[in-house]
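See structure below.
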2 protein chains.
Amino acid sequence: MAKSRSAPRLADVAERAGVSLATASRSLAGREGVSESVAAHVREVALQIGYVANVHARTLAGGATSTVGLIVHEIGDPYFSEIASGVLGVATERGLTVQICHSGRDPGNELHQIRTLIAHRTDAIVIAGSGYTDPALQEESDRVLTAFQETGGRVAVIGRHHLSVDAVLPDNKPAGEVIGAHVLSLGHRRIGILAGSPLLTTVADRLAGIEAALHAEGLSLDDIPVLHTEFTRDGGHAGAEELLREHPDLTAIIALNDAMAIGVLSVLRKHGVAVPGQISVAGFDDVAVAADLAPSLTTVKLPMVEMGAAALTMALKPASARRRRKGTGHQLMARDSTGPVRAR
Amino acid sequence: MAKSRSAPRLADVAERAGVSLATASRSLAGREGVSESVAAHVREVALQIGYVANVHARTLAGGATSTVGLIVHEIGDPYFSEIASGVLGVATERGLTVQICHSGRDPGNELHQIRTLIAHRTDAIVIAGSGYTDPALQEESDRVLTAFQETGGRVAVIGRHHLSVDAVLPDNKPAGEVIGAHVLSLGHRRIGILAGSPLLTTVADRLAGIEAALHAEGLSLDDIPVLHTEFTRDGGHAGAEELLREHPDLTAIIALNDAMAIGVLSVLRKHGVAVPGQISVAGFDDVAVAADLAPSLTTVKLPMVEMGAAALTMALKPASARRRRKGTGHQLMARDSTGPVRAR
DNA sequence: AGCGCTTACGAAAGCGCTTTCACACTCGTC
DNA sequence: GACGAGTGTGAAAGCGCTTTCGTAAGCGCT
């Protein structure tokens, strides 16, 4: 057997079926204008010789790629994999393939991924995850995406507002307010905040929400320690160590996402600190394992799957006026990791 | 501004730069035979008008797509997202784009995803996750993949053996043996097993390992309850409920992956069963959160990231003799969820 | 029998790119 | 000062497909 003959082409199918390229193409596409008997024969021949249409040729000749791109910060992160799940659901439903790229939380790389997706002429691009507060970066991707849209591409983003594209905006600020109010209502005043990179808009928004809650109690973010590390378990781990060292009097720690909160819990367990006995811990997102931790994690549920689905649906809609959408909903999940302040 | 003019083409760049298509192409590809001054000018023009080469046209004319495909059962599952992470690492290193598809643990869909990837003429396809014991399905994908290889495509699989392609084979059986021996060494004899779908080869392999450990103690799988549910948290949840109901005398539960073990822990917590006081729990894989659960989960670590990296590396190697590879390594992570049997 | 009308199919153009081949040039050489 | 060897550039073929347009056959009708 030839070691590397090339893949069967439509011409091969046509020849073997004794029809022209046009007829073969129409038959396989299920298009009108071919008698059923001929079409069936062509299909059979195609199956026989293992013909799989070349998407590149098809795209070049035809139009739509039936592929959409999804860019996430980190596929391993449950927050993003749940969003991806939502996107995949809608895509599958519509017979679209999803090309997933991950930017590794690197803005430069993100731009590169956007370019890659544009080069693939995907029908739509969905970008998930916090934007960057650096205006230069924001501007550049804005430019590229706008150009993409002008050539007929569809774009939707999840969780960033600067861009001139459709957006699904999670309730980051309200969520911050809710979790802040919850912790405050339990009597905590010495609260430490563990935030991700200050470059992320999500961080800014969630902090703003917490700030609002603090205000309601006559407090301010300036009164309490806010530590910026990384939006990961390890970031939470490192941050909690530092917080414990520098501020041993804290009675509560709010991590700005669940991954960090998990890191916090592990540090506290390591140091034998009772949760919530000595320190209460809260997170954001309500990732799947949050309920399975011990103690189960108090957090704010954001509808990640729905957000992903909504973003793609939005992007796929016929172009029209901006459909910027706010308010995805959120829900306090008060679990065992938070409790009332006790006398120490 | 035109609502939907098409994207700039190479011809536009060439025209604006006052050169031919050939020169423009060479300049942008960084190919020899163009004076540096001309090349620089072309590149500048391209940047100016926001030219992004059409991958489809390039592929059609040229050859390699610089894209590799990855098929996973479920991207949300940490087992797979860690594998993906390994694949992405190697791909990024080599300037390749990864197209991730998820089959949703549906063999039929998996075949569809393989076809999609072939249609995209990806340079390589990596399929992660257990194969299916159904020989018909196996045969069909085998056929398709073999054909793909004969036309120059590269393929590697992770965790399945039937296929006539390169494979990275996790130590499923040794891992089963190790975890089985561990649990037995703690004195447990009334052990329940929670397995995923019996259609998965991974399940069969891990069970075989456990069986071997049992044999060493003069026991057999036939002596203990083995329940087949789903390889997910919910599968573990449901399975644990049933196991508890039907076999209230169990002192240990081995789940065939960590996701299921997490479900088990949650059921036990709900019912107020002490772990490992009353029942010990063990899993497989050592996903990231395993150490963060309470109690921390005893499990067998498999090097998922390395497996992903190894698979793509293998696939990308120049075609030669089969490089089927066994023994990826494994390590018992004895943590707090398992303990010695106590008198009850 | 001749007319238009529909229907089934084929020839060929063209999607945007890469690459081969041929064609000018400019040198250094005998 | 004519020669071959380089060097930089362009014309054109072709990758595998879709689609427009044209044509031939089949049909009912007058």
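Note that this is a predicted model, so its numbers are computed, not measured. Numbers restart at 1 for each chain; the letters A, B, ... are given by sequence-line order, proteins then strands. Worth knowing before you read on, the calculation uses all heavy atoms, side chains too, and leaves out hydrogens, waters and symmetry mates.
Considering CD of E110(B) and NE2 of H73(B), their distance stands at 5.5 Å, rounded to 0.5 Å. Here the straight-line distance linking atom OG1 of T67(B) with atom CD1 of I125(B) works out to 11.5 Å at 0.5 Å rounding. Distance check, rounded to the nearest 0.5 Å: CD of Q99(B) to NE2 of H120(B) gives 4.5 Å.
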### Query
Once Watson-Crick and G-U wobble pairs under 3.5 Å are found, how is DNA chain D written in dot-bracket notation, 5' to 3', with | for any base paired to another strand?
||.|||||||||||||||||||||||||||
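Looking at D123(A) and T65(A), their side chains do bring a donor and an acceptor atom within 3.5 Å of each other.
The CD-P distance, from E15(A) to dG16(D), rounds to 14 Å in whole Å. Nucleotide dC17(C) holds its C1' atom 12 Å from the CZ atom of R31(B), rounded to whole Å. Look at CG on L28(A): it is 16 Å from P on dG16(D), rounded to the nearest Å. If you measure from atom CG of N54(A) to atom P of dC17(C), you get 16 Å, rounded to the nearest angstrom.
R16(B) meets the salt bridge (charged side-chain N to carboxylate O under 4.0 Å, His left out) test with no other residue; sequence neighbours excluded.
The minimum heavy-atom distance linking L10(B) with A24(B) is given by the pair CD1-CB, 3.8 Å.
Under 4.0 Å is where a charged nitrogen must lie from a carboxylate oxygen, and between E36(A) and R43(A) at least one such pair does.
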#### Entry: Criterion side-chain hydrogen bond (donor to acceptor under 3.5 Å, both in side chains) on S130(B) and T201(B), from CA distance to verdict
CA-CA 6 Å; S130(B) 181; T201(B) 54; 3.2 Å; yes
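Using a 4.0 Å heavy-atom distance criterion, A53(A) is classed as a sugar-phosphate-only contact.
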### Task
Can you check each nucleotide of nucleotides 4-15 of chain D against protein heavy atoms at under 4.0 Å and return B for base, S for sugar-phosphate only, - for none, in 5' to 3' order?
----SBBB--BB
